[in-house]
Amino acid sequence: MSDEDITLTAGDAEATVQPGNGGRVGGLRIGGVELLRQGERFGCFPMVPWCGRIRDGRFLDGGVVRQMPLNAPPHAIHGTVRDHAWRTARTNPDEAVLTYELVDPWPHPGLVTQVVALTEDSLTLTMSVETYESSFPAQIGWHPWFNRNLGGEDVRLGFDPAWQEERGDDHLPTGNRLDPQPGPWDDCFGMPGGVDVTLTWPGQLELKVTSREEWVVVYDEQREAVCVEPQTGPPNGLNTLPRLVTPLEPLEATTTWSWRRL
């Protein structure tokens with residue numbers, strides 16, 4: 001199937017899925033109101049096979065040091081798939097299934113599958129990475145850009161993390177854990193019971209970002225948008241907390257955004 005944009009609908013919710021633009025969700029409209037920042041590099045893009053930054057673009061893969069392109073010098077950031085076209089495997093009015101074959105510069109063959117499912121009051125994103133050949137470390141995550149303002153008051157963030165990863169001058173976790181600090185943030189937080197973050201646009205909409213995963217990066221240093229990024233490990237996690245994809249065990253993750261009007 002082609003990589004043309006796909007529109008999903010359920011009730012008064014409408015999502016635009018963009019296989020040709022990194023497999024991202026390009027828009028999410030509730031009652032005609034757009035929740036995601038618009039633009040080629042925004043919306044909500046999948047982060048795979050790693051999330052956030054890898055220090056100096058290097059990670060240990062078994063006994064081999066791998067070098068990724070430094071697309072955020074001096075680091076590599078947000079995986080390899082957001083800059084490439086995905087294939088549309090199948091669609092129906094409220095669901096799209098996309099696939100992407102991992103290629104250079106990633107050193108291992110693998111298949112990424114993403115399912116985007118819309119209901120009247122939720123959007124669920126599910127992603128898996130599988131291999132039929134050699135095992136490799138990987139991460140899965142999503143990077144949504146939620147509009148800070150929907151025409152009323154600015155969004156308010158509510159969450160109760162167990163800790164905050166101390167951020168070094170290089171923007172990477174130092175390995176120390178802190179009591180959660182006040183924002184603004186470009187920081188990773190631990191939520192051992194699962195990610196649970198509430199975005200509230202007062203008088204308009206409440207949206208909850210949830211996931212069984214235990215890590216979330218919150219980025220709210222931009223004027224236009226705030227990002228709440230569930231992921232399977234912290235930044236630089238290919239080095240510090242790798243999850244192994246094997247022929248017998250794929251890596252899978254899910255996040256759900258659920259909303260209600262206020």
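What's counted below: heavy atoms across the whole structure, side chains too, no hydrogens, waters or symmetry copies.
Ion pairing of Glu165 with Arg177 is present here, as a side-chain N (NZ or NE/NH1/NH2) and a carboxylate O approach within less than 4.0 Å.
The distance from atom SG of Cys227 to atom CD of Gln222, rounded to the nearest 0.5 Å, is 7.0 Å. The distance from atom CZ of Arg87 to atom OG1 of Thr113, rounded to the nearest 0.5 Å, is 12.5 Å. Interatomic distance, CG of Asp186 versus CZ of Arg167, reported as 5.5 Å (0.5 Å rounding). The distance from atom CD of Glu206 to atom OG1 of Thr200, rounded to the nearest 0.5 Å, is 5.0 Å. Met47 CE to Met127 CE: the interatomic distance, rounded to the nearest 0.5 Å, is 8.0 Å. Within the model, atoms CG of Leu238 and CD1 of Ile54 stand 4.5 Å from one another, a figure rounded to the nearest 0.5 Å.
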> Between Cys44 and Leu125, is a side-chain contact (heavy atoms from CB on, under 4.5 Å) present by the stated rule, with each step listed?
Replying inline: CA-CA 10 Å; Cys44 172; Leu125 303 168; 4.1 Å; yes
>> Applying side-chain contact (heavy atoms from CB on, under 4.5 Å) to Trp201 and Asn149, what does each step give before you reach the verdict?
In response: CA-CA 7 Å; Trp201 292 269; Asn149 191 288; 5.8 Å; no
> Given the rule in the side-chain contact (heavy atoms from CB on, under 4.5 Å) test, do Glu14 and Thr7 qualify, once you have shown the distances and angles that lead to the verdict?
Replying inline: CA-CA 7 Å; Glu14 184 178 85; Thr7 300; 3.5 Å; yes
> After noting the C-alpha distance and the side-chain angles of Leu150 and Leu35, does the key distance pass the side-chain contact (heavy atoms from CB on, under 4.5 Å) rule?
Replying inline: CA-CA 7 Å; Leu150 301 181; Leu35 301 192; 3.7 Å; yes
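At least one donor-acceptor pair closer than 3.5 Å links the side chain of Gln164 to the backbone N or O of Gln181. Under the 3.5 Å distance criterion, the side-chain polar atoms of Glu214 are left unmatched by any main-chain donor or acceptor of Arg212. A donor-acceptor pair is defined here as one N or O able to donate and one able to accept, closer than 3.5 Å; such a pair exists between the side chain of Gln114 and the backbone of Gly23. Using a distance-only test at 3.5 Å, with no hydrogens or angles considered, no donor-acceptor pair links the side chain of Thr88 to the main chain of Leu98. Side-chain N or O atoms of Arg24 include one that pairs as donor or acceptor with a backbone N or O of Arg41 at under 3.5 Å. One N or O on the side chain of Asn239 and one on the backbone of Arg58 form a donor-acceptor pair closer than 3.5 Å. Remark: side-chain polar atoms of Thr131 are paired, donor with acceptor, to backbone N or O of Glu133 under 3.5 angstrom. The backbone N or O of Phe136 sits nowhere less than 3.5 Å from a side-chain atom of Asp61 that would complete a donor-acceptor pair. Looking at Arg148, its side chain does come within 3.5 Å of a backbone N or O of Asp220 through a donor-acceptor pair. Between the Trp163 side chain and the Leu178 main chain, no donor and acceptor come within less than 3.5 Å of each other.
Nearest approach of Glu34 to Gly27, heavy atoms of both residues: OE2-CA, 3.4 Å. Of all heavy-atom pairs spanning Ala76 and Pro69, the tightest one is CB-O, 3.2 Å. Taking both residues in full, the closest heavy atoms of Pro105 and Thr80 are given as CG-CG2, 4.2 Å, listed atom of the first, atom of the second, then distance. Contact between Lys208 and Thr198 at its shortest, heavy atoms only, is NZ-OG1, 3.0 Å. Residues Leu118 and Ala15 share a closest heavy-atom pair of CD2-N, 3.9 Å. The two residues Ser211 and Pro230 have their closest heavy-atom pair at CB-CB, 4.0 Å.
You'll find the side chain of Arg90 reaches within 4.5 Å of the side chain of Glu95, heavy atoms only. Contact of the Leu111 side chain with the Glu101 side chain is registered, since non-hydrogen atoms from C-beta on lie closer than 4.5 Å. Here the side chains of Arg261 and Leu205 are in contact, with some heavy-atom distance below 4.5 Å. Taking the side chain as every heavy atom from C-beta outward, Val81 and Leu102 approach each other to under 4.5 Å. Within the 4.5 Å cutoff, the side chain of Leu36 has no heavy atoms near those of the Thr16 side chain. Proximity of Thr126 to Glu252: side-chain heavy atoms (C-beta onward) are nowhere separated by under 4.5 Å. Side-chain contact check for Trp185 versus Leu157: some heavy-atom pair is nearer than 4.5 Å. In this structure, the side chains of Pro161 and Val216 stay at 4.5 Å or more apart for every pair of heavy atoms.
Separation of the Trp215 and Trp142 ring centroids does not fall under the 6.0 Å cut-off. Taking the ring centroids of Trp259 and Phe146, they lie at or beyond the 6.0 Å cut-off.
A ring-ring contact (aromatic ring centres under 6.0 Å, His included) check over residues 53-77, counting only residues at least two apart or in different chains, returns the pairs Phe59-Trp106.
No chain of hydrophobic side-chain contacts below 4.5 Å, direct or via other Ile, Leu, Val, Met, Phe, Trp or Tyr residues, connects Val155 to Leu262. Val97 and Val17 fall into different hydrophobic clusters, defined by Ile, Leu, Val, Met, Phe, Trp and Tyr side-chain heavy atoms under 4.5 Å apart, directly or through other members. Note on Ile77 and Val217: separate hydrophobic clusters, where clusters join Ile, Leu, Val, Met, Phe, Trp and Tyr whose side-chain heavy atoms are under 4.5 Å apart, directly or indirectly. Following chains of ILVMFWY side-chain contacts shorter than 4.5 Å, one can reach Val33 starting from Leu199, so the two form part of one hydrophobic cluster. When hydrophobic clusters are built by joining Ile, Leu, Val, Met, Phe, Trp and Tyr residues whose side-chain heavy atoms come closer than 4.5 Å, directly or via intermediates, Met68 is not grouped with Phe45.
Note on ring orientation: taking the six-membered ring where Trp is involved, the planes of Phe189 and Phe159 are perpendicular (angle over 60°, cut-offs 30° and 60°).
Considering only residues two or more places apart in sequence or on other chains, Phe42 meets the side chain to side chain contact (heavy atoms under 4.5 Å, CB included) condition with Arg37, Trp145.
More than 12 heavy atoms of other shown residues, nucleotides or ligands fall within 6.0 angstrom of atom CD in Glu221. Heavy atoms from other residues, nucleotides or ligands lying under 6.0 Å from CG of Asp160 number 12 at most. For Asn92, the CG atom is densely surrounded, since the number of other residues' heavy atoms within 6.0 Å is greater than 12.
Judged purely by distance below 3.5 Å, without hydrogens or angles, the side chains of Thr256 and Thr124 pair a donor atom with an acceptor atom.
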